[in-house]
Amino acid sequence: MAAAGGPVLWRRLLGLLPHGRLGLAALLGRLSDRLPLGRDRRSRRSSWLLLAPLLTPAVPQVTAPSFCVCPEAAHRFQWIRNLVPEFGVSSSHIRVLSSPTEFYELMKEQIKTAKQRVVVASLYLGTGLLEQELVDCIEETLERSLQASGPSDFRVSILLDFTRGSRGRKNSRTMLLPLLRRFPEQVRVSLFHTPNLRGLLKRLIPERFNETIGLQHIKVYLFDDNVILSGANLSDSYFTNRQDRYVFLQDSPEIADFFTELVDAIGDVSLQLQPDDTVQMMEGMVHPYQGDKTAYCEVANRRVMEVINAARTRQELHSQTFHGRRSEGDPLLPQRDPNAGGDQKPEPDTWIYPLIQMKPFGIQIDERVTETLLTEAERGARIYLTTGYFNLTQAYMDLVLGTRAEYQILLASPEVNGFFGAKGVAGAIPAAYVYIAHQFYSEVCCLGQQDRVRLQEYSRNGWTFHAKGLWLYLAGSSLPCLTLIGSPNFGYRSVHRDLEAQVAIVTENRDLQQQLHQEQEQLYLKSGVVSSSTFEQPTRYVKLWVKLVTPLIKNFF
């Protein structure tokens, strides 16, 4: 093993600069506080990864505003608002859900009571009875809206992935066509098609494998001013026995407006489903795989960044107006009275930051924020990170191994992996994840960091595991003050190929912190600690051909 000094250490430290965006002076100031970094992992990157740029668009990178961490601020994560809008809410409007059944029943309830809008963004919609029941709920709500006096302004907007939503004879499109035919003025179904799947590549890759090139992976479920943020898709297993995470934001119009505009923006650059099951682009819009790729990506970048920047401007003006009027003692501004009743809106004690990652369009906000959180986590802080598909990017692995916080990483055991028991090549994917986890665990052991970085495997009979996210406990705290929840898996696909969105929730409220802590504990309680003996079990056996192929294809799953 290479020594943790000399040229190797300097290359590692300099390699952190683009990830954490730290100044050189700040980085050198922390040199004495860093743990040994060990071998230069970057030197072992497969040359096959050089193929990845061939599938990524040549669009200019978005230059986000510079920022720095402010530990002395009201809360130390306010630097995130230099990149995205900051939504202040009351913790009383936030509820953490725990089960697929609770998620499904809430979805139906919210659809039935919606008065203005239902907005759905998901990878796909399944074709079973439970999914049909959801569609029926939407249809009933649409019918009820037409029975009201006067013209109805109720709208339904659904955003799915084109390749996944078009797979098979019965698919997401055929499930939604009846709605589109009956309510053409009120229903919009948009199917995102990645610009990277085009030409010869599109013609040669089989249907089931073309999804590896890139997807619409965002999961947002919105009903009037209420929002469910999750990593769950709309299919029967996600409603019954596939564990995910879910946060319900109630009475949050600014957040609901933001995600409505975001889904609309992606919908505008997506294929529009027609009542005859054909698709077409909006008039004047560049086609994602038939038109010029660079032009398409630039248009998409502009549309999405318009949403982000407009929301930032609105929230900054709102914040300035609120604090300015309060400091002047404006009698028109409601003052907080803890003894008052009625519908008085409580002051915010929780902040929501939407983090968007769309590398095909040159948008890398989620990546920047996640890397900075990992970089800045202090000694004694604890980070619980979970993903259904353990395949961290090289940058994330370097930061986990080279920074100071304690990590507990929860991943799926082979038996609860969504690909377990699949036919053909897909059936080997759980073994590939075992191989990746074994390599990472070996690196942890080589660096002597088993006490600081621990792996745990989720195992639950009859269930699969799809939860992803992060909980951050500051040094000396028994409760988390920040969580990340949404669609990203912290892997290469999430960072480079797919459209992703999650939120950072920062809270000062102890009750909400307790909810988040209980959520984390419930997930980790169903897990076992990974040790060297774990990989000696018969169920962890990895065939030679899987070991050989995994480095070549790991960036596609």
Side-chain angles (χ1 to χ4, degrees), residues 12-13 15-23 25-38 41 67-83 351 353 355 365-387 390 392-411 440 443-444 447-456 468-486 488-490 495 502-508 513 516-517 519-521 524:
R12 293 294 298 269
L13 291 175
L16 285 174
L17 287 174
H19 302 316
R21 274 69 181 181
L22 296 173
L27 187 61
L28 291 175
R30 294 197 178 103
L31 179 58
S32 62
D33 198 30
R34 289 197 178 274
L35 295 171
L37 295 176
R41 292 176 57 88
F67 59 90
C68 63
V69 174
C70 305
E72 301 302 325
H75 64 78
R76 65 179 64 194
F77 304 101
Q78 286 183 333
W79 53 267
I80 305 176
R81 69 183 179 189
N82 292 324
L83 296 173
W351 293 266
Y353 302 95
L355 309 179
I365 297 171
D366 178 65
E367 177 187 8
R368 293 189 63 186
V369 171
T370 301
E371 289 182 354
T372 304
L373 288 173
L374 299 183
T375 301
E376 291 296 330
E378 59 198 335
R379 186 184 298 279
R382 289 176 294 138
I383 291 178
Y384 291 79
L385 188 152
T386 177
T387 173
F390 182 74
L392 301 183
T393 66
Q394 190 67 46
Y396 291 159
M397 282 195 290
D398 286 346
L399 289 170
V400 169
L401 293 173
T403 50
R404 299 155 294 176
E406 297 176 9
Y407 286 86
Q408 291 194 46
I409 302 175
L410 182 62
L411 48 112
F440 180 77
E443 181 98 12
V444 171
L447 296 174
Q449 297 190 28
Q450 302 95 311
D451 293 335
R452 190 180 67 83
V453 180
R454 285 175 287 178
L455 298 184
Q456 295 179 231
K468 72 265 314 232
L470 177 153
W471 299 259
L472 174 59
Y473 294 68
L474 296 178
S477 176
S478 61
L479 296 174
C481 63
L482 176 147
T483 190
L484 301 182
I485 179 171
N489 279 296
F490 305 105
V495 172
Q502 65 180 339
V503 295
I505 302 177
V506 179
T507 184
E508 297 175 347
Q513 290 178 350
L516 295 171
H517 176 67
E519 177 198 32
Q520 176 269 118
E521 278 196 326
Y524 279 72

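Here the CG-OG1 distance, from Leu484 to Thr386, works out to 12.0 Å after rounding to the nearest 0.5 Å. Note that the OG1 atom of Thr372 and the CD1 atom of Ile80 stand 8.5 Å from one another [nearest 0.5 Å]. To the nearest 0.5 Å, atoms CG (Leu385) and CG (Leu411) are separated by 10.0 Å. Taken from CG in Leu399 to OH in Tyr407, the straight-line distance is 7.0 Å, to the nearest 0.5 Å. Considering CZ of Phe490 and NZ of Lys468, their distance stands at 9.5 Å, rounded to 0.5 Å.
Scanning all heavy atoms of the two residues, the minimum distance from Ala377 to Arg404 falls at O-NH2, 3.8 Å. When all heavy atoms of Tyr524 and Gln408 are compared, the pair lying nearest together is OH-O, 2.8 Å. The shortest non-hydrogen separation linking Leu401 to Val444 is CD2-CG2, 3.7 Å.
Taking Glu521 as the reference, nothing meets the salt bridge (charged side-chain N to carboxylate O under 4.0 Å, His left out) condition, with sequence neighbours excluded. Evaluation of the side-chain contact (heavy atoms from CB on, under 4.5 Å) rule for Arg382 yields Tyr384, Glu406, Tyr473 as partners, not counting sequence neighbours. Partners of Gln513 by side-chain hydrogen bond (donor to acceptor under 3.5 Å, both in side chains), not counting sequence neighbours: none found.
Looking at Arg452, its side chain does come within 3.5 Å of a backbone N or O of Thr403 through a donor-acceptor pair. Remark: the backbone N or O of Ala405 is not paired with any side-chain donor or acceptor of Arg379 at under 3.5 angstrom. Side chain of Thr483 to backbone of Leu470: a donor-acceptor contact under 3.5 angstrom is found. In this structure a side-chain-to-backbone donor-acceptor pair under 3.5 Å is missing from Gln502 to Asp366.
Aromatic ring centres of Phe77 and Tyr353: separated by at least 6.0 Å.
Residues Arg76 and Glu378 form a side-chain contact, since some pair of their non-hydrogen atoms from C-beta on lies under 4.5 Å apart. Within the 4.5 Å cutoff, side-chain heavy atoms of Leu482 are placed close to those of Leu373. Using a 4.5 Å heavy-atom cutoff, the side chains of Ile409 and Val400 are in contact. Contact annotation: the side chain of Glu508 approaches that of Trp351 to within less than 4.5 Å [non-hydrogen atoms, C-beta and beyond].
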